[in-house]
Amino acid sequence: MKNSTNKISLLAVTSCAVFALVAFAANSILCRLALKGGEGNEGAIDAASFTAIRLVSGALVLGLLLRLPLFHKPAKSKGSWFSATILFFYAAAFSFAYNTLSTGTGALILFGAVQLTMLIAAVLCGERFRCGETLGVMAAFAGLIYLVFPGVTAPSLKGSLLMTGAGIAWGIYSLQGRGSAAPLADTTGNFTRSLPLVAALSFFFLREIHATFTGALLAVLSGGLASGVGYAVWYAALQGMTSIRASIVQLSVPVLAALGGVLFLSEVITLRLIVATVAILGGVGLALAGHGRDSLFCAAPPEGSSTEDDPQTTGTRFSPRKP
């Protein structure tokens with residue numbers, strides 16, 4: 001009976017993880033589909049409107065999920081204005097970057113910037129890298145530099161910088177969420193707090209706003225399904241994974257996004273992208289494997305957080321946020 005229960009639990013964790021990873025990759029695919037007209041050409045929706053609809057729909061869906069018995073739990077902390085600002089910056093930079101980047105390239109730059117930001121944060125907090133970790137970080141950095149280095153097949157510099165900024169913001173946001181006692185409630189609060197910034201962004205780009213039904217629908221799917229439901233399912237999957245395992249399985253997201261770009265947008269995978277992918281994902285994987293324990297982060301938990309399930313004190317579970 002116990003073995004049967006364990007199998008069911010493993011199946012549930014695996015199913016949740018697969019759904020969540022596909023959802024995270026879908027964010028890149030949906031955004032690129034909506035903006036595929038490119039910079040200077042009108043797509044199905046503009047980047048500012050996509051950001052606005054994504055965050056609004058995400059806030060609504062997350063708010064509804066919190067009312068369900070499965071997710072409704074008393075929580076002291078419900079996000080912060082700082083985290084909401086970082087979330088907004090990530091979402092806006094993400095959208096505008098995809099005006100000029102292909103799906104796979106954007107996802108790879110984002111992922112590399114996120115993981116490197118968090119690894120660098122560990123160093124700044126006093127952790128020392130082992131030989132394998134140092135080689136892994138160097139390989140990942142080299143892969144990012146090679147990917148954006150000027151050349152015939154190099155991606156847009158503007159788009160690359162924006163996506164790098166989005167990745168750094170995502171990394172900081174994740175560090176802010178370390179040790180959160182109620183990650184879903186905090187994420188919902190942060191989405192809600194970001195709405196005034198969304199209004200300001202929409203006002204600033206008022207003359208450029210345009211949105212077809214298809215574009216708006218893609219943004220709703222990105223915010224409500226890929227983000228809202230995706231985050232909730234990811235938090236459920238994290239209950240059965242260590243932080244190292246959670247980080248390693250995320251290596252699949254850029255690959256899934258690149259495949260989606262080929263299937264749904266007829267994008268071409270270049271040799272440069274393949275080499276950079278091997279270097280970045282291989283480097284991050286080497287760094288994570290070399291770390292060998294759940295102490296990647298040392299930032300203080302947000303106000304109202306509990307340290308009962310903090311991997312720093314228990315060495316078992318980690319609950320990072322996924323913007």
Side-chain angles (χ1 to χ4, degrees), residues 13-33 54 58 87 90-91 93-95 97-98 101-119 136 139-140 143-144 147 155 159-160 162-171 173-174 177 187 221-223 225-238 241-265 267 269 273-274 276-289 296 318-323:
V13 169
T14 303
S15 299
C16 287
V18 170
F19 178 89
L21 294 172
V22 171
F24 297 149
N27 268 323
S28 292
I29 299 168
L30 291 169
C31 186
R32 185 58 187 151
L33 273 171
R54 180 187 178 189
L87 171 65
Y90 149 75
F94 178 90
S95 298
Y98 267 126
L101 296 179
S102 66
T103 308
T105 299
L108 185 60
I109 293 174
L110 178 72
F111 176 85
V114 170
Q115 297 297 333
L116 289 174
T117 296
M118 299 177 86
L119 288 169
L144 273 177
L147 179 62
S160 298
L162 281 169
M163 193 60 84
T164 300
I168 293 172
W170 184 345
Y173 184 82
S174 297
T187 300
L221 289 174
S222 176
L225 182 61
S227 296
V229 176
Y231 301 165
V233 173
W234 177 246
Y235 295 138
L238 285 173
M241 290 191 289
T242 63
S243 64
I244 296 297
R245 183 172 297 176
S247 297
I248 290 175
V249 298
Q250 290 177 52
L251 293 171
S252 64
V253 174
V255 178
L256 292 173
L259 291 176
V262 173
L263 292 174
F264 300 106
L265 289 153
E267 293 178 350
I269 297 180
L273 180 59
I274 293 173
T277 298
V278 172
I280 294 173
L281 300 191
V284 171
L286 181 61
L288 291 173
L296 285 175
F318 169 61
S319 297
R321 290 177 183 166
K322 292 287 293 180

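- At least one side-chain heavy atom of L110 sits less than 4.5 Å from a side-chain heavy atom of Y90.
- The heavy-atom pair separating S222 from N27 by the smallest distance is OG-OD1, 2.6 Å.
- The CG atom of L101 sits 8.0 Å away from atom CG of L162, with the distance rounded to the nearest 0.5 Å.
- Ring-plane geometry between Y231 and F24 is classed as tilted, the angle between the planes lying from 30 to 60 degrees on a 0 to 90 degree scale.
- With sequence neighbours left out, the side-chain hydrogen bond (donor to acceptor under 3.5 Å, both in side chains) criterion links S95 to T51.
- Residues passing the side chain to side chain contact (heavy atoms under 4.5 Å, CB included) test with S252 are L21, L256, sequence neighbours excluded.
- Residues V262 and E267 come closest through the heavy atom pair CG2-O, 3.5 Å.
- For F264, the side chain to side chain contact (heavy atoms under 4.5 Å, CB included) partners two or more places apart in sequence, or in a different chain, are I29.
- The two atoms that bring M118 and S174 nearest to each other are CE-CB, 3.6 Å, heavy atoms only.
- Among all heavy-atom pairs drawn from A20 and G230, the shortest one is CB-O, 3.9 Å.
- Partners of A257 under the side chain to side chain contact (heavy atoms under 4.5 Å, CB included) rule, at least two apart in sequence or in another chain, are A25, S28, T103, A107.
- The aromatic ring centroids of F94 and W170 lie 6.0 Å or more from each other.
- Looking at every heavy atom in both residues, I274 comes nearest to I269 through CG1-CG2, 3.6 Å.
- Between Y173 and T187, the closest side-chain pair of non-hydrogen atoms falls below 4.5 Å.
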Could you walk me through whether L108 and L281 pass the side-chain contact (heavy atoms from CB on, under 4.5 Å) check?
CA-CA 9 Å; L108 185 60; L281 300 191; 4.1 Å; yes

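- By the 4.5 Å heavy-atom criterion applied to side chains, L225 and L30 are not counted as neighbours.
- Residues in residues 104-114 take part in these side chain to side chain donor-acceptor pair (under 3.5 Å) pairs, two or more places apart or across chains: S102-T105.
- The two atoms that bring G167 and T117 nearest to each other are O-OG1, 4.4 Å, heavy atoms only.
- The ring-ring contact (aromatic ring centres under 6.0 Å, His included) search around F111 returns none, not counting sequence neighbours.
- In this view, S15 and L11 satisfy the side chain to side chain contact (heavy atoms under 4.5 Å, CB included) rule, not counting sequence neighbours.
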